Asks: 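Below: one structure in structure tokens.
Note that the structure is predicted; figures quoted are calculated from it, not measured.
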Amino acid sequence: IRVDLGVALNHDGAPELAEPLFRWAIADQKDLARPRRLLADLLARSRRMEEAEALYRTLLDGKEQDMAATALAELLVRRNAGKDAVDLLRPRYQADPTNSLLGLTLAGILLQGHFIQEAIGICRSILAYHPEETGAQIVLASALSRMHNNAEALEVGRQAIARNSKALSL
């Protein structure tokens, strides 16, 4: 109940009230990953990066390890540690190339760092396993455009739009 109340308070713009609830839940049940991840997310949004990083790192071997790894990688990029983010995600993605969350986050970070060919390869791999993965199509189209492969970028972008036309019409 504390965690759910913390989520509601955080969502309603009261992170200062949510934080102690998450900490209380963690103190009572040290093995629960959800309040740790929620607290880490709250801390990251509050720009308390070192505290958030420490919490995310405690989650890297648990049930929510993929979510924690991607959140930690995004935090590292915000701290100008893109290489560390890539070093965190690359072996995890290589161990499970079907994992679109890890792959898409890695591809996005690589694209930001101008490692365009590797980002393209990861996006193509994700799409081989998950042809409907719109995020991979969008990152792929962006990467192809940066490589001046505009015809293919346009086609990939059109496919993404066509697959999501119902959602776009809402």
Asks: In sequence, state the C-alpha distance, the side-chain angles, and the governing distance for Leu88 and Asp84, and then conclude on side-chain contact (heavy atoms from CB on, under 4.5 Å).
Replies: CA-CA 6 Å; Leu88 172 70; Asp84 293 339; over 6 Å; no

Asks: Atom CG of Leu43 and atom CD of Glu50: how far apart are they, to the nearest 0.5 Å?
Replies: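 So the gap between those two atoms works out to 11.5 Å.
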
Asks: Could you check whether any side-chain heavy atom of Val7 comes within less than 4.5 Å of a side-chain heavy atom of Arg34, counting everything from C-beta outward?
Replies: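 Side-chain contact under 4.5 Å: yes.
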
Asks: Applying the 4.5 Å side-chain criterion to the ILVMFWY set and letting contacts propagate, would Leu154 and Leu111 be lumped into a single cluster?
Replies: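 In one cluster: no.
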
Asks: At their closest point, which heavy atom of Leu89 faces which heavy atom of Ala69, and how far apart are they?
Replies: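 Answer, listing the atom of Leu89 first, then Ala69: CD2-O, 3.8 Å.
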
Asks: Same cluster for Leu104 and Leu101 if Ile/Leu/Val/Met/Phe/Trp/Tyr side chains link at under 4.5 Å?
Replies: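 Not linked; separate clusters.
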
Asks: Identify whether the distance between the nearest side-chain nitrogen and carboxylate oxygen of Glu152 and Arg124 falls below 4.0 Å.
Replies: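 Arg124 and Glu152: salt-bridged.
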
Asks: Please report the interatomic distance CD(Glu155) to CG(Asn150), rounded to the nearest 0.5 Å.
Replies: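 One finds 13.5 Å between CD of Glu155 and CG of Asn150.
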
Asks: I need the minimum non-hydrogen distance between Ala40 and Ala52, along with the two atoms involved.
Replies: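 Smallest interatomic distance, heavy atoms only, reads O-CB, 3.4 Å.
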
Asks: Under 4.5 Å between side-chain heavy atoms, counting indirect links through other Ile/Leu/Val/Met/Phe/Trp/Tyr residues: same cluster for Ile120 and Ile126 or not?
Replies: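 Same cluster.
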
Asks: For Val3 and Leu21, run side-chain contact (heavy atoms from CB on, under 4.5 Å): C-alpha distance rounded to whole Å, both residues' side-chain angles, the deciding distance at 0.1 Å, then the answer.
Replies: CA-CA 6 Å; Val3 173; Leu21 291 169; over 6 Å; no

Asks: Run Arg92 and Gln65 through side-chain contact (heavy atoms from CB on, under 4.5 Å) and show every step you take.
Replies: CA-CA 10 Å; Arg92 290 172 182 275; Gln65 63 182 305; 3.3 Å; yes

Asks: Taking a hydrophobic cluster as the set of Ile, Leu, Val, Met, Phe, Trp and Tyr residues connected by side-chain heavy atoms closer than 4.5 Å, whether directly or through intermediates, do Leu38 and Tyr56 fall within one such cluster?
Replies: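 Different hydrophobic clusters.
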
Asks: Which value, rounded to the nearest 0.5 Å, describes the distance between Leu59 atom CG and Asp66 atom CG?
Replies: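 The distance works out to 11.5 Å.
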
Asks: Which heavy atom of Leu106 sits nearest a heavy atom of Arg90, and at what distance?
Replies: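 Of all heavy-atom pairs spanning Leu106 and Arg90, the closest is CD2-CA, 3.8 Å.
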
Asks: Taking C-beta and beyond as the side chain, do Thr134 and Gln159 meet within less than 4.5 Å on heavy atoms?
Replies: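 They are not in side-chain contact.
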
Asks: Is there a path of hydrophobic side-chain contacts, each under 4.5 Å between heavy atoms of I/L/V/M/F/W/Y residues, joining Leu140 to Tyr129?
Replies: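 No; Leu140 is not reachable from Tyr129 via cluster members.
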
Asks: Indicate the atoms forming the closest heavy-atom contact of Ala143 with Ile116, along with that distance.
Replies: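 Answer, listing the atom of Ala143 first, then Ile116: O-CG2, 3.5 Å.
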
Asks: Atom CG in Leu110, atom CD in Glu118: separation rounded to 0.5 Å?
Replies: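 Atom-to-atom, Leu110:CG and Glu118:CD are 4.5 Å apart.
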
Asks: Any salt bridge between Arg37 and Asp41, counting N to O under 4.0 Å?
Replies: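 Salt bridge: yes.
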
Asks: Do Pro15 and Glu19 come close enough that some side-chain heavy atom pair is under 4.5 Å?
Replies: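 No. Closest side-chain heavy atoms not under 4.5 Å.
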
Asks: Within the side chain of Ser125, is there an N or O that forms a donor-acceptor pair under 3.5 Å with the backbone of Gly121?
Replies: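 No, the answer is negative, given that no donor and acceptor are paired below the 3.5 Å cut-off.
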
Asks: With the threshold set at 4.0 Å, does a side-chain nitrogen-carboxylate oxygen contact exist between Arg78 and Glu53?
Replies: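 So Arg78 does not pair with Glu53 through a salt bridge.
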
Asks: Minimum heavy-atom separation for Ala141 and Ala153, please, with both atom names.
Replies: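 Heavy-atom minimum between the residues: O-CB, 3.3 Å.
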
Asks: Show, in sequence, the C-alpha distance, side-chain angles and deciding distance for Glu74 and Arg79, and conclude whether the salt bridge (Lys or Arg N to Asp or Glu O under 4.0 Å) test is met.
Replies: CA-CA 9 Å; Glu74 290 166 359; Arg79 294 179 74 189; over 6 Å; no

Asks: Just how far is it from atom CD of Gln117 to atom CD1 of Ile122, taken to the nearest 0.5 Å?
Replies: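 Between atom CD of Gln117 and atom CD1 of Ile122 there are 12.0 Å.
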
Asks: Working to the nearest 0.5 Å, report the span between CG of Leu75 and CE of Met49.
Replies: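 Answer rounded to 0.5 Å: 5.0 Å.
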
Asks: Between Tyr93 and Thr105, do the side chains contain an N or O donor and an N or O acceptor separated by less than 3.5 Å?
Replies: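 The criterion, which ignores hydrogens and geometry beyond distance, is not satisfied for Thr105 and Tyr93.
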
Asks: Show your reasoning for whether side-chain contact (heavy atoms from CB on, under 4.5 Å) applies to Leu9 and Glu16.
Replies: CA-CA 9 Å; Leu9 289 167; Glu16 72 282 357; over 6 Å; no

Asks: Are any side-chain N or O atoms of Asp96 and backbone N or O atoms of Thr98, one a donor and one an acceptor, separated by less than 3.5 Å?
Replies: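 Side chain of Asp96 to backbone of Thr98, a donor-acceptor pair under 3.5 Å: yes, one is there.
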
Asks: Please give me the minimum heavy-atom distance between Val139 and Gly108, naming the atom from each residue.
Replies: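 So the minimum-distance heavy-atom pair works out to CG1-N, 4.4 Å.
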
Asks: Is the shortest side-chain N to carboxylate O distance from Glu51 to Arg23 below 4.0 Å?
Replies: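 A salt bridge links Glu51 with Arg23.
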
